[in-house]
Amino acid sequence: QVQLVESGGGLVQAGDSLRLSCAASGRPLSNYAMGWFRQAPGKEREFVVGFNWNVGSTNYASAVKGRFTISRDNAKNTVYLQMNSLKPEDTAVYYCAAGPPYYVGSDYSRYNYWGQGTQVTVSS
């Protein structure tokens with residue numbers, strides 16, 4: 001199994017940037033595809049981005065394309081989510097997830113391992 005721990009959330013103003021981290025232990029993240037999801041109060045979990053570790057393919061949700069970027073650090077077994085030009089509607093708890101090696105889609109049921117989440121709050 002792999003254990004995931006997110007960090008980097010916080011309170012920022014609209015237009016600011018944040019970088020979230022997802023540190024893994026137990027197994028190399030290269031064994032999995034990675035995803036970021038978010039969930040705002042009273043709303044369903046929403047797909048943000050999926051990333052295929054081995055071939056580097058990514059799949060961004062339209063709401064974040066051009067503003068968010070996923071990256072990795074193999075040596076640290078960590079995935080990052082760089083979030084720029086943040087908007088109040090980006091406010092949510094952000095979760096990283098690990099799933100089958102070649103799946104980068106939005107179906108959260110396909111991701112087997114989840115972190116505990118990190119809160120991102122964007123004020124207007």
Side-chain angles (χ1 to χ4, degrees):
Q1 290 194 358
V2 63
Q3 293 78 42
L4 305 173
V5 178
E6 303 97 333
S7 61
L11 172 63
V12 297
Q13 293 187 332
D16 286 350
S17 298
L18 274 177
R19 189 178 77 159
L20 305 183
S21 300
C22 174
S25 60
R27 288 188 177 178
L29 283 179
S30 56
N31 289 358
Y32 306 91
M34 299 301 298
W36 284 94
F37 289 77
R38 65 188 183 185
Q39 189 164 19
K43 294 189 177 181
E44 299 210 347
R45 192 165 299 189
E46 177 187 17
F47 173 76
V48 175
V49 60
F51 174 66
N52 180 300
W53 190 274
N54 293 306
V55 302
S57 64
T58 55
N59 175 28
Y60 290 97
S62 58
V64 307
K65 192 175 293 184
R67 299 189 298 123
F68 290 12
T69 304
I70 191 170
S71 63
R72 66 184 183 187
D73 185 324
N74 292 347
K76 294 183 178 180
N77 210 29
T78 298
V79 170
Y80 303 98
L81 183 66
Q82 178 67 43
M83 306 186 296
N84 298 330
S85 302
L86 283 162
K87 305 175 181 180
E89 51 263 43
D90 294 318
T91 295
V93 177
Y94 283 71
Y95 299 90
C96 70
Y102 297 101
Y103 183 74
V104 295
S106 60
D107 182 355
Y108 68 81
S109 69
R110 298 287 299 274
Y111 293 83
N112 307 106
Y113 304 101
W114 293 82
Q116 82 290 349
T118 186
Q119 176 71 48
V120 172
T121 303
V122 185
S123 63
S124 58

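Listed by chain and number, the hydrophobic cluster partners of Val5 come to none, as no ILVMFWY side chain reaches under 4.5 Å of it. The hydrophobic cluster of Leu11 has no other members, since no ILVMFWY side-chain heavy atom comes under 4.5 Å of it.
Both Val2 and Phe51 belong to a single network of hydrophobic side chains, linked directly or stepwise wherever heavy atoms of I, L, V, M, F, W or Y lie under 4.5 Å apart. Ile70 and Tyr108 are members of different hydrophobic clusters when ILVMFWY side chains are connected at heavy-atom separations under 4.5 Å. Residues Leu81 and Val12 fall within the same hydrophobic cluster, defined by Ile, Leu, Val, Met, Phe, Trp and Tyr side chains chained together at heavy-atom separations under 4.5 Å. In the hydrophobic clustering of this structure, Phe47 does not group with Val79; members are Ile, Leu, Val, Met, Phe, Trp, Tyr whose side-chain heavy atoms approach within less than 4.5 Å, directly or through other members. The hydrophobic clustering, which links ILVMFWY residues whose side-chain heavy atoms are closer than 4.5 Å, places Val64 and Leu18 together.
Listed by chain and number, the residues in a side-chain hydrogen bond (donor to acceptor under 3.5 Å, both in side chains) with Ser109 are Asp107 (sequence neighbours excluded). The side-chain hydrogen bond (donor to acceptor under 3.5 Å, both in side chains) check on Glu89 picks up nothing, with sequence neighbours excluded. The side-chain hydrogen bond (donor to acceptor under 3.5 Å, both in side chains) search around Ser71 returns none, not counting sequence neighbours. Annotation: ring-ring contact (aromatic ring centres under 6.0 Å, His included) contacts of Tyr102 (sequence neighbours excluded): none. The side-chain contact (heavy atoms from CB on, under 4.5 Å) search around Ser17 returns Gln82, Asn84, not counting sequence neighbours. Not counting sequence neighbours, Tyr95 has no partner by the side-chain hydrogen bond (donor to acceptor under 3.5 Å, both in side chains) test.
Between the NZ atom of Lys87 and the OG atom of Ser124 there is a distance of 14.0 Å, given to the nearest 0.5 Å. The line from CE of Met83 to OG1 of Thr69 is 11.0 Å long, rounded to the nearest 0.5 Å. A distance of 14.0 Å separates OG1 in Thr58 from CZ in Phe68, rounded to the nearest 0.5 Å. In this structure, Tyr111 OH and Ser106 OG are separated by 7.5 Å, a value rounded to the nearest 0.5 Å.
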Donor-acceptor pairs under 3.5 Å, side chain of residues 24-37 to any protein atom, not counting sequence neighbours: which ones?
from	atom 1	to	atom 2	distance (Å)
Ser25	OG	Gln3	OE1	3.4

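When all heavy atoms of Ser21 and Thr78 are compared, the closest pair comes out as CB-CG2, 4.3 Å. Taking all atoms of both residues into account, the shortest heavy-atom contact from Val55 to Asn52 is N-OD1, 2.9 Å.
With hydrogens and angles ignored, the 3.5 Å screen pairs no side-chain donor or acceptor of Thr118 with any backbone N or O of Tyr94. In this structure, Gln39 contributes its side chain and Ala92 its backbone to no donor-acceptor pair below 3.5 Å. Between the side chain of Asn59 and the backbone N or O of Val104 there is at least one donor-acceptor pair closer than 3.5 Å.
Within the structure, every pair that satisfies the salt bridge (Lys or Arg N to Asp or Glu O under 4.0 Å) test and touches residues 45-59, not counting sequence neighbours, is listed here: Arg38-Glu46. Listed by first then second residue, pairs satisfying disulfide (SG to SG under 2.5 Å) with a partner in residues 10-118 read Cys22-Cys96, not counting sequence neighbours. A salt bridge (Lys or Arg N to Asp or Glu O under 4.0 Å) check over residues 65-76, counting only residues at least two apart or in different chains, returns the pairs Arg67-Asp90.
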